[in-house]
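A note on names: the letters A, B, ... follow the listed sequences, proteins ahead of strands, and every chain is numbered from 1.
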Protein chains: 2
Amino acid sequence: MLTTAQQDAIDQVRSFNRFYTRHIGILDEGFLGQPLNLPEIRVLFEVAKESTLTANVLADYLRMDPGYVSRILAKLLKMGLLHRATDPSDRRRKQLMITPSGEELLQSLNDLARNNLEQLLAPLSPPQRSELVSLMNRIRALLEPSRQQRVLIRPLQLGDLGTVINRHAVLYATEYQWDKSFERTVLEVLAQFANTVDETCERGWIAEVDGQFAGSIFAVKESDETARLRALLVEPQFRGMQIGRQLIEQCIDFCRQCGYKQMTLWTCSCLTQARKLYTKAGFTCTKAWDEPLFGANLTSESWDKVL
Amino acid sequence: MLTTAQQDAIDQVRSFNRFYTRHIGILDEGFLGQPLNLPEIRVLFEVAKESTLTANVLADYLRMDPGYVSRILAKLLKMGLLHRATDPSDRRRKQLMITPSGEELLQSLNDLARNNLEQLLAPLSPPQRSELVSLMNRIRALLEPSRQQRVLIRPLQLGDLGTVINRHAVLYATEYQWDKSFERTVLEVLAQFANTVDETCERGWIAEVDGQFAGSIFAVKESDETARLRALLVEPQFRGMQIGRQLIEQCIDFCRQCGYKQMTLWTCSCLTQARKLYTKAGFTCTKAWDEPLFGANLTSESWDKVL
DNA sequence: CCTAATAGTTGATTATGTCAACAAATAGCT
DNA sequence: AGCTATTTGTTGACATAATCAACTATTAGG
């Protein structure tokens, strides 16, 4: 059974779908008066993109009836937009190619589509346009998770500290019901970091997936000999992508380069995923103690690693 | 002529449109095997939603041919899903209404659509769902500016502090090229706030537009007599919606209730929009001094207001 | 050489949508 | 009132879009 909130979400998505169907409908009207209809344009577009298509492959890819595709191709061939040659190695197959006049028409169709869209986007300012694009990309990332995701580990930038604080607070509240005192602690730790950071031996890194915040890690100086690993976090939707491992490796490499002799970190027994990562990276738990923290009864742990 | 960046934006929007067309297409496939096709469902749905429709209004709204609508209505009437009554004040018009059996069918179609969507949204966690909804609402707000946007001023929640820090850092860097020292200052101010807050006389508020972060303000105790207004921010895309004014009012109201005698705030001469808001709210600039701050040469100002 | 499978085409048919002509009612004008 | 123009909704004729199954030509595999 769905909760009310989730059902609301579904209804809101449906409402957006209705809205967007109408919106796209208005755009498609711009193609009226053209010699080609939408399926024909799609076929022409695909042939132009992929120069070695055959009718069957096309029908399969576009999820169209082979007979229908055959008729569309006949029309496009008759109009001189495509031509085709029998595959000498298999005389059943006919390789499709776009002709110069096909390219030309496709170009003008592209211009038309762009102009239509341009008119609809006209009321938007440039920053609003880039906001629109980034909203759309985010929606695609959410709905099409299979879309290739680029993982990037990069040094800290302006604005990252706030994001790290926000994500720690929200995530640990969601996953472990930790309270506001945890947010306060992270805030204090990072304020301390920002105020006293020595870039030569202290750093923070952010993991991004397709430009989105996916995780964080910090290395701070505990003493001349010892570095402390802090604020490791991987967003739940990006777990299993080796992001945690990469962040820890990045951090360890840096600490070695800085000449630290050992590393230490705090965690607690309930953070099983993080603990596995620490173990894999060569850390061992050297101390454990119970204490009430963040509104829960935690078993705090200290983990160390010799570099 | 379009700039390259704008053409990129247009191409990206087109790419999103192709993606979303496919996405909606997958959803619509769930309606196969029903006695009604998509246009018929849309008509039924609209009649159910708006009980005083007539055929022409419907055709207009759904951008369908009146003749086609007429035939669809004939089918739905024959199936007993709708009925209609001649408008007594204009006997050309016939008011459309849905019948109980129409409601019933619509309900089952709704369930079907919801289930289809539910399957597509299944991989998303609840927070991702609400993110999706808020992204969609924002897109609608951009593309359909007439649509009413709900502004909400709410008290601080877990996670807000990080967001406020991030937005301050990024926004002032973008708009005024302020450097990391500003991020550090905000971080420190809010860490201080989180650690020492006395909820009876200190508060923070967040402005949301359709669930999205739109702005912030804080009231902190300077002395028993004086409250300090801090961290006022309104996101650029939501300016001109009276959000700044509402945030300041909220803050002033609270300070009055707490029994403060006066309020004070820091700003600088270049923040012209904020200064206008302060003036309107009854603040006056009582002190001004030049100082190098945040990587710029600022004219700092102190503004006060007697409550 | 036979059978099964594949590539593509074609005829028949259905589904979907458009257009123009039309009747009925109303609005606006004189 | 009476005339004309407009609006609301319907209908027949037609055009477009899409599907299905039968069919030819070719190839693969034994």
All N/O donor-acceptor pairs, side-chain side in residues 35-48 of chain A, below 3.5 Å, sequence neighbours left out:
from, atom 1, to, atom 2, distance (Å)
A:N37, OD1, A:E40, N, 3.0
A:E40, OE1, A:N37, N, 2.8
A:E40, OE1, A:K75, NZ, 3.1
A:E40, OE2, A:K75, NZ, 3.2

For a quick test of your reading: what N or O donor-acceptor pairs under 3.5 Å do the side chains of residues 234-242 of chain B make, sequence neighbours left out?
from, atom 1, to, atom 2, distance (Å)
B:E235, OE1, B:R167, NH2, 3.0
B:E235, OE2, B:R167, NE, 2.6
B:R239, NE, B:V234, O, 3.0
B:R239, NH1, B:E175, OE2, 3.1
B:R239, NH1, B:Q273, OE1, 3.4
B:R239, NH2, B:E175, OE1, 3.4
B:R239, NH2, B:V234, O, 3.0
B:Q242, OE1, B:R245, NE, 2.9

Only pairs under 3.5 Å count here: list side-chain donor-acceptor contacts from residues 53-67 of chain A, not counting sequence neighbours, and write none if there are none.
from, atom 1, to, atom 2, distance (Å)
A:D65, OD2, A:G67, N, 2.9
A:D65, OD2, A:Y68, N, 3.1

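Rounded to an integer number of Å, the gap from CG of B:N56 to P of C:dA24 is 18 Å. Rounding to whole angstrom units, CD1 of residue A:I72 and P of C:dG8 are separated by 15 Å. As rounded to whole Å, 14 Å separates atom C1' of C:dA7 from atom CG of A:L53. If you take CZ of A:R84 and C1' of C:dG8, they are 8 Å apart, rounded to a whole angstrom. Going from atom CG of B:L62 over to atom C1' of C:dT16 covers 16 Å, rounded to whole Å. Computed from coordinates, the A:D60 CG to C:dT6 C1' distance equals 12 Å when rounded to whole Å.
At a threshold of 4.0 Å, the pair B:E118-B:R129 counts as salt-bridged, since one of the basic side-chain nitrogens sits closer than that to a carboxylate oxygen.
Contacts between residues 87-94 of chain A and DNA chain C, counted as heavy-atom distances below 4.0 Å, involve A:R92, A:R93, A:K94.
Aromatic ring pairs are classed by plane angle as parallel below 30°, tilted from 30° to 60° and perpendicular above 60°; the pair A:F19 and A:F16 is tilted.
For A:R138, the salt bridge (charged side-chain N to carboxylate O under 4.0 Å, His left out) partners two or more places apart in sequence, or in a different chain, are B:E131. With sequence neighbours excluded, the residues that form a side-chain hydrogen bond (donor to acceptor under 3.5 Å, both in side chains) with B:Q107 are B:D111. With sequence neighbours left out, A:T86 forms a side-chain contact (heavy atoms from CB on, under 4.5 Å) with A:R91, A:K94. In terms of the salt bridge (charged side-chain N to carboxylate O under 4.0 Å, His left out) criterion, B:R14 has no residue partners (sequence neighbours excluded). For the ring-ring contact (aromatic ring centres under 6.0 Å, His included) test, no residue two or more places apart in sequence or in another chain qualifies with B:F213. With sequence neighbours left out, B:T21 forms a side-chain contact (heavy atoms from CB on, under 4.5 Å) with A:I24.
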Distances under 3.5 Å only, N/O to N/O: pair up the protein atoms with those of nucleotides 18-22 of chain C.
from, atom 1, to, atom 2, distance (Å)
C:dT18, O4, B:R71, NH2, 3.1

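The side chain of B:N37 places no N or O atom within less than 4.0 Å of a non-bridging phosphate oxygen (OP1 or OP2) of C:dA15. For the OP1/OP2 pair of C:dT10 and a distance below 4.0 Å, the side-chain nitrogens and oxygens of A:S70 include no atom meeting the criterion.
With a heavy-atom cut-off of 4.0 Å to chain A, the contacted part of DNA chain D has its first and last nucleotide at D:dA17 to D:dT27.
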